[in-house]
Amino acid sequence: MLRPRIIPVLLLREKSLVKTIKFNKFSYIGDPCNTVRIFNEFEVDEIVILDINKTLKNSEPNYDLIKDIASEAFMPLSYGGGINTLEKAKKVFSLGIEKVILNSAIARNPFLISEIADIYGSQAVTVSIDVKRSFFSKKFIIHTHSGTTKLNSDLISYLKKLEKIGAGEVLLNSIDKDGTWKGYEIPLYKELSKKISIPLIACGGAKNMDSIEELFNETDCNAAGVGSMVLFQKKDFGVLVNYPKAEDIDALIAKNEKS
């Protein structure tokens, strides 16, 4: 098993960072470059940056902003938002991004994954899947376009298809848990992490190290995506960029490796 990772997931809206609750109700966080500088000091392993407006507006990535953010980062960066062609992916990579994240574009053209992977390798392509529990059943429904559009595909079949095409990693976002501080959707990740062979990043609901420990103990996920937990002092309090202490992460990793 790969070394467990704790990955800040940062949301861009225009030129600012925001945090959402269930993909709605935006809270302003701050300047992305300043935030990345703070995470540098915490020696974060990697960061995910998602521009949540680009697909909705059918606009290109903000290449100048991506370049500025990448120039400040001492850690690997993954970027998603507005990448729907190989040419756009190439430009994003040229700015210093190590992984591109694909979501809505692959619902229309899943083979964009293999186009990029054939050049940069599967490890450079992450697919992001947003899911929401059906109101009428326990089934999880895939949503695209920042949660506004339903995709009529079975989740497990869809993930296996993307894996076969060349995806190197899956970022699975729970819309129901996003920004709620209620812990991860453990049963979902427990099932899916056993059905696919590529790394799975869980995202949505992290509240503290206990919820991260539960995720790693109860599932085969390779990484914990964290948002509110590392952007606010605590629930309903103000913005405070933070990150788990190194000794707490080391203790969690040691415990995970023994289990």
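Sequence positions, counted from 1, serve as the residue numbers for this chain.
- A single hydrophobic cluster is seen to contain both Met229 and Ile249, as judged by linkage of ILVMFWY side chains at heavy-atom distances under 4.5 Å, directly or through other members.
- Two different hydrophobic clusters hold Leu240 and Val230 under the rule that ILVMFWY side chains link at heavy-atom gaps under 4.5 Å.
- Side chain to side chain, Asn103 and Asp130 meet the donor-acceptor criterion of an N or O pair below 3.5 Å.
- In this structure, Pro8 and Ile6 approach most closely via the heavy-atom pair CD-O, 3.7 Å.
- By the 4.5 Å heavy-atom criterion applied to side chains, Val92 and Ile83 are counted as neighbours.
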Self-check item: Verdict with reasoning, Ile129 to Leu155, per side-chain contact (heavy atoms from CB on, under 4.5 Å)
Solution: CA-CA 9 Å; Ile129 311 296; Leu155 177 57; 4.0 Å; yes

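- A donor-acceptor pair is defined here as one N or O able to donate and one able to accept, closer than 3.5 Å; no such pair exists between the side chain of His145 and the backbone of His143.
- Between Arg37 and Cys33, the closest side-chain pair of non-hydrogen atoms falls below 4.5 Å.
- Hydrophobic clustering keeps Ile21 apart from Phe23 (ILVMFWY residues linked when any side-chain heavy atoms are closer than 4.5 Å, directly or through intermediates).
- Using the six-membered ring where Trp is involved, Tyr189 and Tyr184 have ring planes that are perpendicular, over 60° apart on the 30 and 60° scheme.
- No side-chain heavy atom of Phe74 sits less than 4.5 Å from a side-chain heavy atom of Val36.
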Self-check item: Worked verdict on Asn109 versus Glu115 for side-chain contact (heavy atoms from CB on, under 4.5 Å)
Solution: CA-CA 10 Å; Asn109 176 24; Glu115 289 180 39; 4.0 Å; yes

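- A salt bridge links Glu169 with Arg5: at least one charged nitrogen is closer than 4.0 Å to a carboxylate oxygen.
- Residues Val48 and Leu102 fall into different hydrophobic clusters, defined by Ile, Leu, Val, Met, Phe, Trp and Tyr side chains chained together at heavy-atom separations under 4.5 Å.
- A single hydrophobic cluster is not seen to contain both Phe140 and Leu171; linkage of ILVMFWY side chains at heavy-atom distances under 4.5 Å, directly or through other members, places them apart.
- Judged purely by atom type and a 3.5 angstrom limit, Asn40 uses its side chain to pair as donor or acceptor with the backbone of Glu72.
- At a threshold of 4.5 Å between non-hydrogen side-chain atoms, the residues Ile47 and Ile7 do not count as touching.
- A heavy-atom distance below 4.5 Å is found between the side chains of Phe232 and Ile29.
- Cation-pi contact between Lys90 and Phe93: absent, since separation from the ring centre below 6.0 Å together with deviation from the ring axis within 45° is not met.
- Residues Lys182 and Lys177 form a side-chain contact, since some pair of their non-hydrogen atoms from C-beta on lies under 4.5 Å apart.
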Self-check item: Intermediate values then yes/no, side-chain contact (heavy atoms from CB on, under 4.5 Å), Tyr120 and Lys99
Solution: CA-CA 9 Å; Tyr120 296 96; Lys99 299 178 187 176; over 6 Å; no

Quiz item: Which is it for Leu11 and Phe26 under the side-chain contact (heavy atoms from CB on, under 4.5 Å) test, yes or no, and what are the steps along the way?
Solution: CA-CA 10 Å; Leu11 307 180; Phe26 302 99; over 6 Å; no

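- You'll find the side chain of Val170 stays beyond 4.5 Å of the side chain of Leu162, heavy atoms only.
- Counting heavy atoms from C-beta on, the side chains of Lys150 and Ile142 never come closer than 4.5 Å.
- Look at Asp178 and Lys22 and you find no salt bridge, because none of the NZ, NE, NH1 or NH2 atoms lies under 4.0 Å from a carboxylate O.
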